[in-house]
Colleague: 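What follows is a single structure, and I will ask about it in a moment.
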There are 4 protein chains.
Amino acid sequence: MPKDTFNNLPEEKRNHILEIAIHEFAANPYDVASISNIVRKAGIAKGSFYQYFEDKKDLYRTLIEISTDKKQALLTELPSPSPWSDLFNYLRWQFLSTVIFEIRYPDLSQITFRAFVEEVPFPEMAEELRRRGTTQFFKQMIAQGINFGEVAVWVDSDVAAFLLETVFYQFGKYFIKRLGLSESSTLDIKIFESEEAQQLIDNLMDIIEAGMKRSPKQREDYFNKG
Amino acid sequence: MPKDTFNNLPEEKRNHILEIAIHEFAANPYDVASISNIVRKAGIAKGSFYQYFEDKKDLYRTLIEISTDKKQALLTELPSPSPWSDLFNYLRWQFLSTVIFEIRYPDLSQITFRAFVEEVPFPEMAEELRRRGTTQFFKQMIAQGINFGEVAVWVDSDVAAFLLETVFYQFGKYFIKRLGLSESSTLDIKIFESEEAQQLIDNLMDIIEAGMKRSPKQREDYFNKG
Amino acid sequence: MPKDTFNNLPEEKRNHILEIAIHEFAANPYDVASISNIVRKAGIAKGSFYQYFEDKKDLYRTLIEISTDKKQALLTELPSPSPWSDLFNYLRWQFLSTVIFEIRYPDLSQITFRAFVEEVPFPEMAEELRRRGTTQFFKQMIAQGINFGEVAVWVDSDVAAFLLETVFYQFGKYFIKRLGLSESSTLDIKIFESEEAQQLIDNLMDIIEAGMKRSPKQREDYFNKG
Amino acid sequence: MPKDTFNNLPEEKRNHILEIAIHEFAANPYDVASISNIVRKAGIAKGSFYQYFEDKKDLYRTLIEISTDKKQALLTELPSPSPWSDLFNYLRWQFLSTVIFEIRYPDLSQITFRAFVEEVPFPEMAEELRRRGTTQFFKQMIAQGINFGEVAVWVDSDVAAFLLETVFYQFGKYFIKRLGLSESSTLDIKIFESEEAQQLIDNLMDIIEAGMKRSPKQREDYFNKG
DNA sequence: CATGAATGAGGGTTCATTCAT
DNA sequence: AATGAATGAACCCTCATTCAT
């Protein structure tokens with residue numbers, strides 16, 4: 001919730017400030033990210049900053065929101081399969097968009113990642129993040145997948161959601177490192193046309209799918225294990 | 001490599017200082033962790049700290065080493081299945097020990113986790129960590145599993161290792177939260193006698209095993225997918 | 001190159017801070033001069049200092065520049081004989097101005113002196129000082145003096161320049177002590193109206209002049225020495 | 001005045017400590033020279049140091065004394081012309097020994113130099129140094145030289161002594177730099193056999209001699225100047 | 001609405017010195 | 001006589017935030 005002063009700014013200036021702030025908070029943990037750095041690089045007065053934002057925390061909250069919004073926008077932009085028709089297809093799609101998000105907005109992605117793994121110094125925000133985050137959504141999908149017979153009945157939906165979320169948050173960075181992409185890569189989505197990229201994503205998704213899918217063999221294994 | 005001064009300290013005092021330091025570095029990223037805080041809580045003079053350690057980095061290195069050592073000690077303490085006889089059994093055991101480590105030493109676990117996901121300000125140490133870390137080990141095991149027919153041939157060993165490592169590092173925290181264990185839990189290993197705990201671990205491992213295991217059905221799926 | 005913040009300060013405050021800083025750096029070698037002392041005496045916050053200057057080195061550089069500038073201003077203020085008409089007259093004048101500088105700005109003089117004899121912790125600045133310093137200038141003048149027949153041909157211009165510079169840098173302090181002048185002497189240039197002061201300067205300059213001047217006797221001595 | 005404890009030390013150990021201390025105080029101004037450094041390099045306990053010396057000041061005083069003593073020893077070691085037979089010959093000799101001292105004991109020389117130009121934080125010691133130093137001695141010699149007709153009558157003996165002392169203290173460093181000698185030069189006195197070295201010293205001394213010597217020409221100049 | 005000077009607490013680190021062993 | 005742990009003040013520097021203009 002930046003102040004009105006900030007929202008009334010010319011869009012260009014507003015974005016300039018935000019970009020620099022995003023870069024700073026991506027590069028450093030919350031406490032280390034420096035307002036002084038941001039205003040210096042943005043070329044605005046220290047005092048101005050505090051007329052735009054309540055305080056450091058306010059800025060941070062704004063960045064998290066931006067990240068969430070951009071992610072949402074990306075999701076609606078990409079052609080989406082119905083989550084209800086084919087669960088694993090849908091997960092594959094979710095997965096793909098996470099990677100695209102990472103490539104398109106590496107800094108925002110990093111900020112969200114930090115919020116996920118570090119304890120941001122505001123417990124209430126971490127909680128909020130998790131609520132609005134993917135965890136609950138994943139859990140519901142898995143649960144429904146079980147009901148619809150797509151997912152093996154023995155799968156604990158909470159455990160599966162944890163696994164999905166955890167891997168999702170880290171895969172972007174792994175993907176980039178594995179493919180040797182520079183961070184400032186402007187190839188964007190074209191990357192996914194390469195065979196190697198496709199195989200990478202498919203491979204991970206295949207493992208996950210095989211791990212959860214309901215199949216006679218798995219059912220048999222499960223009930224015989226004892 | 002703390003100075004001799006530190007090693008010559010009475011064990012009680014040494015441990016007292018280390019515990020407080022461990023807690024500080026578990027609670028904060030490296031740059032935020034405060035030597036001033038540590039000496040204040042430990043009740044020692046600022047100057048004394050620098051008789052014990054070269055500098056902040058030296059202390060940090062020491063904590064990482066302690067963590068590595070304790071983890072190693074735990075591994076040798078637990079009855080270990082051969083990694084070569086049954087891969088998934090072995091992974092299950094590795095997994096279990098990670099969780100036990102998390103419960104027994106939550107702060108050390110958190111420090112290692114930070115070293116894994118945050119950019120530690122010392123590239124050379126991150127490298128060392130990764131070398132001594134589990135990534136390479138996992139990859140080799142998966143590769144061998146493929147050769148021995150335990151793991152599906154289509155699995156990319158690097159992707160699988162990424163998945164394993166990522167989940168391993170996060171599962172401890174999830175486990176504790178899921179079971180509602182306070183951090184200072186002294187129950188220790190007895191926790192695992194509870195049915196709920198066992199099911200939690202088994203469930204995750206079952207997913208992973210099902211996801212990678214070689215099976216006629218999976219092979220068929222794979223080659224038909226195209 | 002202090003920051004704008006400093007240059008925008010009211011002149012009085014700016015000068016107040018500079019005076020205190022000058023006194024501190026005159027009284028102590030660079031490493032011993034204390035920013036904490038300066039801000040305490042100047043009555044400003046520690047943080048304010050770093051709004052004015054980049055760091056300790058920046059302040060020091062500023063002081064050196066002030067000294068150079070004031071020296072230059074003094075030189076242009078005093079009626080100057082041509083260096084090319086009568087070398088020794090010119091040296092006498094240079095000499096006189098050094099002493100006046102020492103009396104008018106004893107602290108600045110001391111700072112320059114320190115930069116000259118102590119190892120300033122910044123090699124690049126020492127180099128710069130020496131380039132802009134008097135050494136090269138003296139050497140050239142002596143060399144020309146030899147060509148023009150004013151200076152004895154056997155004089156090594158480098159040695160002579162060394163002698164001149166060395167004595168120049170130290171004479172101010174000697175002068176003050178010899179005449180028993182308090183440092184805060186406000187008499188300024190009137191001092192030089194006293195017979196004693198005049199004689200002091202003349203005496204030293206006479207020795208130097210006699211030592212270097214070309215004369216039949218000296219030439220004879222020189223060539224007979226063998 | 002080190003404590004007895006120090007004097008009872010095996011000579012080798014004593015010298016080892018002193019050498020390291022001398023190096024430290026040569027490399028740094030008094031306040032910057034670090035006891036911690038010294039004991040670390042000397043391999044002795046911090047506490048031991050304070051059983052050898054009263055405090056930092058005590059050590060420093062000792063070093064100054066050592067320097068004075070070594071200088072004295074060198075003077076008696078070198079074949080000395082009588083100061084009373086030929087003043088300028090004698091000065092030349094004094095001068096030569098200063099340079100030799102600088103080359104043989106560059107660190108001690110540097111310490112004395114620091115005591116001479118920096119304000120050592122103990123005014124009483126600086127005073128003592130000056131009393132035991134060469135100033136008074138030079139002045140007396142010049143005065144006698146005037147009486148004996150060697151030195152021009154118009155020369156102010158105090159001014160001349162100042163000039164001599166100032167140049168003496170700085171010439172060593174200039175000499176070394178001019179001849180491009182490394183500081184660790186082991187050539188020692190052989191250096192002076194080189195023509196260049198001889199010429200350097202002679203040139204400076206010739207200037208000084210010509211500047212002060214009584215001669216008909218100079219007298220004439222002097223009395224005609226008015 | 002923008003500015004940027006002012007603040008003081010806190011950061012990591014080094015120091016000379018003391019004192020119990 | 002030797003040791004080396006303990007001390008706390010001091011060092012330079014950065015920080016988020018306030019407020020008068």
Side-chain angles (χ1 to χ4, degrees), chain A residues 3-6 8-9 13 31-40 43-59, chain B residues 3-10 13 31-40 43-59, chain C residues 3-10 13 31-40 43-59, chain D residues 3-6 8-9 13 31-40 43-59:
Chain A
K3 302 184 182 175
D4 290 342
T5 326
F6 184 64
N8 294 338
L9 242 41
K13 184 171 184 180
D31 280 325
V32 182
S34 153
I35 301 294
S36 299
N37 260 352
I38 292 171
V39 298
R40 191 186 322 123
I44 63 173
K46 253 304 195 7
S48 295
F49 177 86
Y50 283 88
Q51 285 197 315
Y52 301 152
F53 300 95
E54 212 64 65
D55 51 17
K56 191 179 185 179
K57 183 175 171 179
D58 186 24
L59 167 62
Chain B
K3 301 186 184 175
D4 291 343
T5 317
F6 184 65
N7 295 322
N8 295 339
L9 241 43
K13 184 171 185 178
D31 281 330
V32 182
S34 156
I35 302 295
S36 297
N37 256 352
I38 292 172
V39 299
R40 195 181 314 121
I44 62 174
K46 258 265 199 51
S48 294
F49 176 84
Y50 286 89
Q51 302 252 35
Y52 300 153
F53 299 95
E54 215 65 65
D55 50 19
K56 191 181 187 179
K57 183 175 172 178
D58 186 24
L59 168 60
Chain C
K3 302 186 183 175
D4 291 343
T5 319
F6 185 66
N7 294 323
N8 295 340
L9 242 43
K13 184 170 185 179
D31 281 330
V32 183
S34 155
I35 303 294
S36 297
N37 257 351
I38 292 172
V39 299
R40 196 181 314 122
I44 62 174
K46 254 263 197 55
S48 294
F49 176 85
Y50 286 89
Q51 302 252 33
Y52 301 153
F53 300 95
E54 214 65 66
D55 50 18
K56 191 181 186 177
K57 183 176 173 178
D58 186 23
L59 168 61
Chain D
K3 301 184 183 175
D4 290 343
T5 326
F6 185 63
N8 294 338
L9 242 42
K13 184 172 185 180
D31 280 326
V32 182
S34 153
I35 302 294
S36 299
N37 261 350
I38 293 171
V39 298
R40 192 185 320 123
I44 62 173
K46 248 322 191 354
S48 295
F49 177 85
Y50 284 88
Q51 284 196 315
Y52 300 153
F53 301 95
E54 214 63 66
D55 50 18
K56 192 180 187 178
K57 183 177 172 179
D58 185 24
L59 167 61

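Lettering of chains follows the sequences in order, A, B, ..., and the numbering in each one begins at 1.
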Colleague: Heavy atoms under 4.0 Å, any strand shown: does D:Arg40 hit a base, just sugar-phosphate, or nothing?
Modeller: nothing
Colleague: Across the strands shown, which category fits B:Asp55 at heavy-atom distances under 4.0 angstrom: base, sugar-phosphate, nothing?
Modeller: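 Contact class for B:Asp55: sugar-phosphate only.
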Colleague: Strictly by Watson-Crick or wobble contacts shorter than 3.5 Å, is anything paired with F:dC12, and which nucleotide is it?
Modeller: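 Pair assignment: F:dC12 / E:dG11.
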Colleague: Looking across every strand, which nucleic acid part, if any, lies under 4.0 Å from B:Asp4 by heavy atom: base, sugar-phosphate, or nothing?
Modeller: nothing
Colleague: For D:Lys57, report the nucleic acid contact type (base, sugar-phosphate, nothing); a contact means any heavy atom under 4.0 Å.
Modeller: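 Nothing, no heavy atom under 4.0 Å.
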Colleague: Base, sugar-phosphate, or nothing: which does A:Phe6 touch, judged by heavy atoms less than 4.0 Å apart?
Modeller: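 No contact at all - A:Phe6 keeps every heavy atom at 4.0 Å or more from the nucleic acid.
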Colleague: What is the nucleic acid contact for A:Phe53, judged by heavy atoms within less than 4.0 Å: base, sugar-phosphate only, or nothing?
Modeller: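 Nothing, no nucleic acid heavy atom in range.
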Colleague: So B:Lys56, base contact, sugar-phosphate only, or nothing? Heavy-atom distance under 4.0 Å.
Modeller: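 Counting heavy atoms under 4.0 Å across all strands, the contact made by B:Lys56 is with sugar-phosphate only.
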Colleague: Any side-chain N or O of B:Asn8 less than 4.0 Å from the OP1 or OP2 oxygen of F:dG4?
Modeller: no
Colleague: At under 4.0 Å between heavy atoms, what does C:Lys3 touch on the DNA or RNA strands: base, sugar-phosphate, or nothing?
Modeller: nothing
Colleague: Among F:dT3, E:dG10, F:dA16, which is the nearest nucleotide to the side chain of A:Lys46?
Modeller: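 Selected nucleotide: F:dA16.
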Colleague: Indicate whether OP1 or OP2 belonging to F:dA5 is found under 4.0 Å from a side-chain N or O atom of B:Tyr50.
Modeller: no
Colleague: Where the side chain of A:Ile35 is concerned, which of F:dA2, E:dA6, F:dA16 is the nearest nucleotide?
Modeller: F:dA16
Colleague: Counting only side-chain heavy atoms from C-beta out, which of F:dC13, E:dG4, E:dC15 sits nearest to C:Thr5?
Modeller: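 When the side chain of C:Thr5 is considered, E:dG4 is the closest of F:dC13, E:dG4, E:dC15.
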Colleague: Choosing from F:dA2, F:dC12, E:dC1, which nucleotide comes nearest the side chain of C:Ser34?
Modeller: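 Selected nucleotide: F:dC12.
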Colleague: Looking for any heavy atom pair under 4.0 Å, which part of the strands does A:Leu9 touch: base, sugar-phosphate only, or nothing?
Modeller: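 Result for A:Leu9 = sugar-phosphate.
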Colleague: Sort out the partner of F:dA20 for me: Watson-Crick or G-U wobble, both distances under 3.5 Å, none otherwise.
Modeller: E:dT3
Colleague: As a test of reading the structure: which of E:dT3, F:dA16, F:dC12 is closest to the side chain of C:Ser36, going by heavy atoms?
Modeller: F:dC12
